[in-house]
Structure formats: C-alpha cells, structure tokens
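Shown next, in structure tokens, is the structure this report addresses.
Chain letters run A, B, ... following the sequence lines, proteins first and then strands; every chain starts at 1.
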Protein chains: 2
Amino acid sequence: MPASRPLRADARRNREALLSAARQAFLSGDTDAHVEDIARSAGVAVGTFYRHFETREALMEEAYRKEVDVLCAAPVALLDQHAPDEALRRFLLLLVDHAAVGKGMSGVLEGIMATDSPVFDDARTRMAEALSLLLEAGSAAGTVRDDVTGSTLLRALGGVCGMRATEGWLVEARQITALLFDGLRHGAPQSP
Amino acid sequence: MPASRPLRADARRNREALLSAARQAFLSGDTDAHVEDIARSAGVAVGTFYRHFETREALMEEAYRKEVDVLCAAPVALLDQHAPDEALRRFLLLLVDHAAVGKGMSGVLEGIMATDSPVFDDARTRMAEALSLLLEAGSAAGTVRDDVTGSTLLRALGGVCGMRATEGWLVEARQITALLFDGLRHGAPQSP
DNA sequence: TCCATAAGGTGAGTCTGGTTCCGCTTACGT
DNA sequence: ACGTAAGCGGAACCAGACTCACCTTATGGA
C-alpha cells in the first residue's frame, strides 16, 4: 500500500501547485475559493484537480495538515519545558495564534473543532489526543481538574476559532482561553 | 413601516405553513432541508416561498426567532429569582438544554454564536446583550470577573452548540459550561 | 534512440440546489 | 358582481461541485 508507484514528475508538480494555490487562497481568507479558481491559478484544469483530490474538502484537509501537525506536536515539547498547567496554558494560546495566521486557518480550525464533518475526523482525533496529553499530565500533577476530556476541551475551543476578522478578536480570543484555563484549574483536586 | 397592509388571508396561511414546515424539518435534525422540500411539504411552490422569505437562510432565522426570544428573555427572570452568579449558571445550562431541543436548534445556535453570518446578526446582538446583563449583575455583586463581555462569552459558547448527536454530548456540554462558569468566577475580585 | 503504454491532463457536460420571473389566479373592497 | 392589487406556480436560470470519454506525454525497456 505505501507508494504504489512513485508518481510521475508532472503529476507531482501539479499536485504541489494545487496545494500551494489552495494554501495561498485559504490563508488569504478566501475559505470558500472555487475549485475552478484554485485549479486555474495552479495552471491546470478541474479534471486534474479531481485526479489529485477526492473532493474540495479533501484538499482543505490536506492543505492544513501541515499546520495541524505542528500544533499536535507542540504538547510534547511544551510538557518537556514547563509544568503541566503552564504547558496547557501555552498550548491554548498557541492555538489562538495559529487561528490568527489567516482568516482561513481559523475557519479550518473551526471545522476541526466545532463540526462533525468527517473531513476533519483525523485532525480532530489527533488534536483531541494532544489536549488529552496535557490534561492528563496536569491532573496527574494535581493542578488541573480531572473530569474534562481532550475532546470536551476541543469542543469548548470551537467558538474561539470560529471568530474571524472581528475588530479586536485576538483580545477576545485570549480572554476566552484565559477563562477556560481558569476554569480548568478551578476544579483541580486541591483548590476548590 | 409597521403593517404596511394586513397581509391577505391566504398569504398569512401560507407563510405560517412554510414556517411550521421549516421548524418541523429543522428541529428533526435536517438543518439543510432543501427549499423545494420545505415548500412542497407546506403545500406551496418555491415561488411562494420566495415571496415570503428573502432567502433560505432568512427562513432559518425566522424559524428560530421564537426560540431565541425565549432564551433572551430568560436572564431578566433569572436575575429576579437568583443571585447573579447563580442566574448566570442557570442561563448557561438553559442554553445547553435549548441546544438539546433538536439537532437543528443546536445548528442554529452555532450559527448565531460561532459565525459572522449576517443572517444571525440580530439574534447574535440580542443574545450578547442578554449575557451582558448577567455578567454585569455578577460583576457588580463581585461574584463574577469583570473583564469579560457578553459577546466574548457568546463566542466561547459557540463550540458547545456546535456539538450534535455525538454519544453523550449532553454530558460534555454541561462540563464545558461548568468549565466556563468556574472560569468566570475564578477571576472575580475577591476570590483569586 | 525510439516506441508502447499506462499514467496523467483536459474541459465540456452533468447534477444538484438555490433564486428569479412572468403570466395566471384569487381575495377583498367598492 | 367586478376590478385590481396581492398572491401563486413552476419552468427557466444560474452557480458551483463533480464526472467522463478522449487526448497527451513521461518513462522504462528494446
């Protein structure tokens, strides 16, 4: 199953072009760029697009996989550097910053977190696991409540990432994460 | 501008039929029922549909206005009966229960809270005001932090309402509101 | 070097679903 | 009754995702 065949040179080129055209469009805020436009600006026809990507949404997932990878890798590194609760706090802020990368990214994060769209199943699962890691470390250390799962927290973050382009949204987003973070500590074994 | 003319009898009948067909469909989970289906099951043609509603989305807003009204009215009553923080807590749970009414309702609440769709501008504003009322009462009483606005909290609730039909989502939703509630109290003047 | 051939590309066409438009119908005031 | 403005129907239109039958070309072996 891995690399059934190495993919022809022109094919790889086109695939790459499509992906980068998509990233370009999405990051610049045009989350619902038309397939035809993406294809054209990659210099290919729609048929070619569909040779490489199952559907329009599949492309979106692919386009953002890199970002999601970065995000999902963060917890391990953070836990290495900081106490669990601090690591959690930093991760939440990281999430917000990523949502800030471009209006598009925030749309995708929203798709990941706030919907059930099967397109983002994979990303959602990995993200929930990343959060679980942090929560478990925190609750083991007794600084974070232990009755919240990664997927619950993921859900709770959905709204944050849905915020786009509103005046001063970054401030709001930071406040929300602060709110959640305080809530997470509030119920911790020793504090209430 | 008010009642430019009392609307002909058959027209009112049809409008009502459309609205109720839509509510029926939406509440039973089919948030993206087709205009044609709604029209048919109301016993009219699409043309009639568009005589009464600007767009498909406009219908959705209309269909849920009643629910939103109920929700927005709650804070006043709650503040009458309970201390501000308790009123806030109850309101958050009320929101969750409303989202539970039907998969459709939760979709709409999500639309209200987690997007910028102009369709829900009105509902969003009113909801934010309702939350502000509670937050202000709470912060005046010193039991709730004072650095969070209604619209911020609204955003924070976005994810909750986006949850649909997942096994045990109600429990998750309650946990998230508890999380937010604890976070809201955590930063209150006297407690930290 | 050249050919055979399978991988890749093309874009007109299909399909789905929202929206428009215009001619017919009907409620309702006189 | 009747005239007419308000309503209604539904075929036509349009947008945008996706398909398919056919053409083009990279590539590996003779």
Round to the nearest Å and state the distance from A:R51 atom CZ to D:dC22 atom P. 16 Å
Grab the CG-P distance between B:L18 and D:dG9 for me, whole Å please. 10 Å
Below the 4.0 Å mark, does D:dC18 have OP1 or OP2 next to a side-chain nitrogen or oxygen of A:Y50? yes
Can a salt bridge be assigned to the pair A:D10 and A:R13 using a cut-off of 4.0 Å between side-chain N and carboxylate O? no
Give me the atom names and distance for the closest heavy-atom approach of B:T55 to B:Y50. CA-CE2, 4.1 Å
Expressed as a whole number of angstroms, how long is the span from A:E16:CD to C:dG8:C1'? 16 Å
Of the nucleotides D:dA17, C:dC28, C:dT19, which has the atom closest to the B:A9 side chain? C:dC28
Does B:H34 put a side-chain nitrogen or oxygen below 4.0 Å from OP1 or OP2 of C:dG18? yes
What is the distance, to the nearest angstrom, from the CG atom on B:D10 to the C1' atom on D:dA5? 12 Å
Nearest-Å distance for atom pair CZ/C1', residues A:F53 and D:dT19: 18 Å
Between atom CD in B:E36 and atom C1' in D:dC13, what is the gap in whole Å? 14 Å
Does the side chain of A:H52 get closer than 4.0 angstrom to OP1 or OP2 of C:dG9 through an N or O atom? yes
Do B:R90 and B:L94 come close enough that some side-chain heavy atom pair is under 4.5 Å? no
I'd like to know if the side chain of A:R56 and the backbone of A:A33 have a donor-acceptor N/O pair within less than 3.5 Å. yes
When rounded to whole Å, the CG to P distance for the pair B:D32 and C:dG18 reads 9 Å
Under 4.0 angstrom, heavy atoms only, what part of the nucleic acid is A:R56 near: base, sugar-phosphate, or nothing? sugar-phosphate
Could you tell me whether the phosphate oxygens of C:dA7, OP1 or OP2, come under 4.0 Å of any side-chain nitrogen or oxygen in A:R8? no
Over all heavy atoms of both residues, which pair between A:P84 and A:L79 is shortest? Give the atoms and the distance, please. CA-CD2, 3.9 Å
NA contact type, A:V46, heavy-atom cut-off 4.0 Å: base, sugar-phosphate, or nothing? base
Between D:dC8 (C1') and B:R40 (CZ): distance, integer Å: 17 Å
Reckon B:T48 has a side-chain N or O less than 4.0 Å from the OP1 or OP2 of D:dG9? yes
By nearest heavy atom, map B:G47 and A:R12 onto DNA chain C; which one lands nearer the 5' end? A:R12
